[in-house]
Amino acid sequence: MTVRVRFPPSPTGELHVGNIRTALFNWLFARHHGGTFILRIEDTDQTRNVPGAIESIMESLLWLGLDWDEGPDPDDPSRDVGEYGPYVQSRRLDHYRRATIDLLQADRAYLCFCSPERLEELRKDQQRRKQPPKYDRRCRDLADGQRKELDARGITPVVRFKTPMAGETSFHDLIRGDVVFENETLDDFVVLKSDGYPVYHLAHLVDDHLMKVTHVLRGDELLSSTPRHILLHEALGWEPPALAHLPMILGPDKAKLSKRHGDTSVLEFRERGFMPEALLNFLGLLGWSLDDRTEIIDRDTFIKHFTIDRIVKNPAMFNFEKLSWMNGIYIRGLSYEDLADHVRPFLEREIGPVDRDYLVRIVPLIQERIKLMSEAVEMAGFFFLDDDLDYPLADLLGRRFADAPAEAAGALEAVLSAVRDLARWDAATLEEAVRPLADGLGLKSGDLFGLIRVAITGRTAAPPLFQTMAVLGRERTVGRIEHAVARLQSTSAK
RNA sequence: GCCCCCGUCGUCUAGUUGGCCUAGGACGCCACCCUUUCAAGGUGGAAAUCGCGGGUUCGAAUCCCGCCGGGGGCACCA
């Protein structure tokens, strides 16, 4: 039997990291077993569908490198790839209708004419009395006459499943073991809505069956609705797939991670400068581990070793700090060319067109100083400015020159004359020319370097000084030091 | 309220059938080294009475029972 798994998002918005972790585990499981990974769109709630969501979901998956073997065509979601389509539920209504009719004919389901208002009232009343909110089965045993009368009034009924009122329903979960529910704690849930669309419980199960899904790896929040699915399978005479309920991903408040927790959409991670390899690595370790020490794991290694028995049961908090650290590791593993290409869009968004060759020379200076691509703007922006730098005078003076702006100006002038006409403009030559100056000026080299650093970068924390000067070029370096001297002289004159 | 799931350093986790665990690794934190700043890197450290209480056993994080805590579900949402 070849493994077939699916990832079934609803097109209600962007994919967030919790959901894509589920997608990742399914994808890894499929790839590990040489099976099939299916993308299916669950759009049976007509009121919640968001235009463009399908495209955005596909983009998220593909960015992370999670490709599907069957599902909507990435180039044209209105078309399908695979022989079990359509892969969008709104185009599979016949299947759900047929299953519903089967249920009705087998007397495992019934028409319910109760109004939403009545149900709402019922629920409120039950909550007030601290009772479990459950449908009271008023329509379960309607006489034919009553049914006809209600029908004649033009009420469109829903179809409810006839849940057994006694006994228990159990199933085996690949992660949690055997789980048992008392049927009396369940109620007669809706399978087909009055608008003719199926409810999730019915729809996903019909599709899984028709699409020959062998394993369902889904979030833990679905564990408590699983007995309904088992019951439905049984009523339809179908064999349920193997089940595995994945531990949830929590926000810092220990509640299930959601949009309430801020930047959790996958595409936002891309916007902030995370690499897909890093996010994949991080997500793969949320609830799964290779062994007792390995942290950096590439895609192929994940595929090679991914098995369900190494998935843990307990939920995991999403640790942004660790993800950032990991992203830094991946950044440092990039060649200068690749890093330049990664960083370029972030720079260009802020400061316009960037010369790639220049950038390739800059990138070694920031590679081990950034954890996010977006930080390149802050870290290396000064390389691209043509105007005079704008920075607080206090940064330039620092502690050493706080009360001695004239001395600072003098030091910088000494640097200028040592450097301005250098025959060669590279880091070694610059250092040779500047370092000896400190002694003559009666300064510690660190104080002198700090002064120059702020003058040419506008920052107190920056890449190594002489390499920075070398890459920045003679013209900008000299110009910025001159500007700093002028500022210092005008303040010391006061 | 009812049902289900979960419970090892702040966080992610190792701990497969009880002994090699005086509980290992990683992020973060602290210190030192390197050093012109910031990083990166290196070394070391603090940090978990394995939720609590009872058992079983020569021996339990690992088995049993009870309790507590956290989370999830209980829609004509998925």
Side-chain angles (χ1 to χ4, degrees), chain A residues 8-10 12 42-45 47-48 112 114-116 119-120 123 126-135 156-160 173 175-176 179-182 184-187 189-195 197-201 203-204 218-227 245 247-248 250 252 254-256 282 285-296 309-310 312-326 328 332 365-371 379 398 431 434-435 438 444-454 457 459-466:
Chain A
S10 320
T12 54
E42 309 218 325
D43 61 345
T44 54
D45 185 345
T47 64
R48 295 207 311 158
C112 169
C114 294
S115 68
L119 296 172
E120 176 69 12
R123 206 171 303 126
Q126 287 163 331
Q127 275 165 359
R128 214 176 303 124
R129 297 202 324 247
K130 305 259 185 218
Q131 299 285 309
K134 281 170 28 176
Y135 176 56
T156 315
V158 301
V159 179
R160 283 184 187 272
D173 185 282
I175 295 172
R176 298 173 202 274
V179 185
V180 185
F181 288 80
E182 296 292 332
E184 63 178 340
T185 64
L186 275 24
D187 73 347
F189 55 95
V190 173
V191 292
L192 197 75
K193 304 184 251 185
S194 57
D195 63 0
Y197 280 76
V199 124
Y200 162 78
H201 302 299
H204 91 277
R218 54 162 48 152
D220 203 17
E221 68 273 15
L222 259 10
L223 188 64
S224 54
S225 44
T226 304
H245 287 91
M248 295 190 300
L250 275 26
K254 295 199 167 200
K256 183 174 132 189
F282 177 78
L285 254 16
L286 236 39
W288 184 88
S289 62
L290 175 59
D291 54 30
D292 61 342
R293 56 191 66 255
T294 314
E295 301 284 343
I296 303 303
D309 60 296
R310 289 203 63 82
V312 298
K313 299 173 170 185
N314 46 306
M317 231 182 257
F318 194 95
N319 185 345
F320 283 91
E321 293 272 314
K322 184 162 181 176
L323 171 58
S324 296
W325 162 77
M326 203 170 258
R332 276 170 255 135
L365 303 183
I366 64 169
Q367 185 162 34
E368 58 197 32
R369 272 165 262 265
I370 60 174
K371 288 193 171 121
M379 191 62 70
E431 181 158 7
V434 174
R435 189 178 284 276
K444 284 193 287 186
S445 53
D447 289 329
L448 178 61
F449 296 174
L451 194 57
I452 304 170
R453 177 176 303 110
V454 176
T457 70
R459 303 167 46 89
T460 52
L465 186 60
F466 299 109

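Everything numeric here is computed off the predicted structure, so don't read it as measured data. So that the names make sense, note that chain A is the first sequence line, chain B the second, and so on, each numbered from 1. Only heavy atoms go into these numbers, but all of them, side chains included; no hydrogens, no water, no symmetry mates.
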Q. Taking the P atom of each, how far is B/G7 from B/C65, in whole Å?
A. 15 Å

Q: Have a look at A/V312 and say if it touches a base, only the backbone sugar-phosphate, or nothing, with a 4.0 Å heavy-atom cut-off.
A: sugar-phosphate

Q.
Need one value for A/N319: base, sugar-phosphate or nothing, where a base atom within 4.0 Å counts as base even if backbone is also close, heavy atoms only.
A. base

Q) Given B/A14, B/U8, B/U36, which nucleotide is nearest the side-chain atoms of A/S289? A) B/A14

**Q.** Complementary nucleotide of B/C29, counting Watson-Crick and G-U pairs under 3.5 Å
**A.** B/G45

Q. If you check every side-chain atom of A/F181, which of B/C3, B/U36, B/U37 has the closest atom?
A. B/C3

Q: Indicate, with a heavy-atom threshold strictly under 4.0 Å, whether A/E321 touches base, sugar-phosphate, or nothing.
A: sugar-phosphate

(Q) Under a 3.5 Å distance rule, please check whether A/K193 uses its side chain to pair with a backbone N or O of A/T44 as donor and acceptor. (A) yes

Q. Under 3.5 Å, side chain of A/E42 to main-chain N/O of A/H204, donor-acceptor pair present?
A. no

Q: Measure from CD on A/Q126 to P on B/G1 and round the result to the nearest Å.
A: 16 Å

Q: Assign A/A316 to base, sugar-phosphate, or nothing according to its heavy-atom contacts below 4.0 angstrom with the strands shown.
A: sugar-phosphate

Q) Of the nucleotides B/C38, B/U36, B/G25, which one has an atom closest to the side chain of A/R369? A) B/C38

Q) Any sub-3.5 Å donor-acceptor pair from A/K322's side-chain atoms to A/F282's backbone N or O? A) no

Q) Contact class for A/R129 (heavy atom, under 4.0 Å): base, sugar-phosphate, or nothing? A) nothing

Q. Under a 4.5 Å cut-off applied to non-hydrogen side-chain atoms, are A/L323 and A/F318 in contact?
A. yes

Q: Calculate the interatomic distance between A/D309 atom CG and B/U16 atom C1'; express it in whole Å.
A: 9 Å

Q | Between C1' of B/C20 and CG of A/D292, the distance in whole Å | A | 14 Å

Q) Applying a 3.5 Å limit to both distances, which nucleotide forms a Watson-Crick or G-U wobble pair with B/U17? A) none

Q.
Please give the distance between the C1' atoms of B/A78 and B/C74 as a whole number of Å.
A. 15 Å

Q) Under a 3.5 Å cut-off for both distances, is B/U56 Watson-Crick or wobble paired, and to whom? A) none

Q: Pick the C1' atom in B/G70 and in B/A47, then give their distance to the nearest Å.
A: 22 Å

(Q) What's the closest nucleotide to the side chain of A/M317 if the choices are B/A40, B/C12, B/C4? (A) B/C12

Q. Do you know the tightest heavy-atom contact between A/R369 and A/P464?
A. NH2-CD, 3.2 Å

Q: Please determine, for B/C68, whether a Watson-Crick or G-U wobble partner exists with both distances under 3.5 Å, and give it or none.
A: B/G7

Q: Let me know, please, whether A/L323 or A/F449 comes out on the 5' side of the other along RNA chain B by nearest nucleotide.
A: A/L323

Q) Taking A/S289 for the side chain and A/L285 for the main chain, is one N or O donor matched with an acceptor at less than 3.5 Å? A) no

Q: For A/T185 and A/E182, indicate whether the former's side chain and the latter's backbone hold a donor-acceptor pair under 3.5 Å.
A: yes

Q. At under 4.0 Å, does any side-chain N or O of A/R176 touch on OP1 or OP2 of B/C4?
A. no

**Q.** P atoms of B/U56 and B/C64, separation to the nearest Å
**A.** 15 Å

Q | Protein-nucleotide distance (A/K313, atom NZ; B/C4, atom P), rounded to Å | A | 15 Å

Q: Rounded to whole angstrom, note down the P distance from B/U62 over to B/U16.
A: 12 Å

Q: Using a heavy-atom cut-off of under 4.0 Å over every strand shown, decide if A/L465 touches base, sugar-phosphate, or nothing.
A: base

Q | Pair assignment for B/A61, Watson-Crick or G-U wobble, requiring both distances under 3.5 Å | A | none

Q: Taking atom C1' in both B/G45 and B/U36, compute the distance separating them and give it to the nearest angstrom.
A: 29 Å

Q. Quick one: is B/G15 close enough that its OP1 or OP2 comes under 4.0 Å of any side-chain N or O from A/R310?
A. yes

Q: Sugar-phosphate means primed atoms, P, OP1 and OP2; the rest is base. With that split, encode nucleotides 66-78 of chain B 5' to 3' as B, S or - using protein heavy atoms under 4.0 Å.
A: -----SBSBSBBB

Q: Using atom CZ of A/R459 as one end and atom P of B/A39 as the other, report the distance to the nearest whole Å.
A: 11 Å

Q) Between B/G28, B/G25, B/C38, which nucleotide has the shortest distance from any of its atoms to the side chain of A/K371? A) B/G28

Q) Rounding to the closest angstrom, what is the interatomic distance between B/C76 and B/G54 at atom P? A) 48 Å

Q: Report the residue (A/K130 or A/W325) whose heavy-atom-nearest nucleotide on RNA chain B is the more 5′ of the two.
A: A/K130

(Q) Using a heavy-atom cut-off of 4.0 Å across all strands, would you classify A/P463 as base, sugar-phosphate, or nothing? (A) base

Q: Using a heavy-atom cut-off of under 4.0 Å over every strand shown, decide if A/G328 touches base, sugar-phosphate, or nothing.
A: nothing

Q.
Could you tell me how far B/C58 sits from B/G53 if I compare only their C1' atoms? Round to whole Å.
A. 23 Å

**Q.** Side-chain (A/R453) to main-chain (A/L465) donor-acceptor, under 3.5 angstrom
**A.** no

(Q) Whole angstroms only, please: what is the CZ-C1' distance between A/F466 and B/U35? (A) 13 Å

Q) Is it true that A/D220 and A/K256 have a side-chain N and a carboxylate O under 4.0 angstrom from each other? A) no

Q | Non-hydrogen side-chain atoms of A/F189 and A/S225 separated by less than 4.5 Å | A | no

Q | Side-chain donor or acceptor of A/R176 paired with backbone N/O of A/H245 under 3.5 Å | A | yes

**Q.** For B/U36, the Watson-Crick or wobble partner whose two distances fall under 3.5 Å
**A.** none

Q. Has the side chain of A/E368 got a donor or acceptor that lies under 3.5 Å from a partner of the other kind on the base of B/G41?
A. no

Q. Just how far, in rounded Å, is P of B/C12 from CD1 of A/I296?
A. 18 Å

Q | Atom-pair distance (CE on A/M379; P on B/A39), nearest Å | A | 9 Å

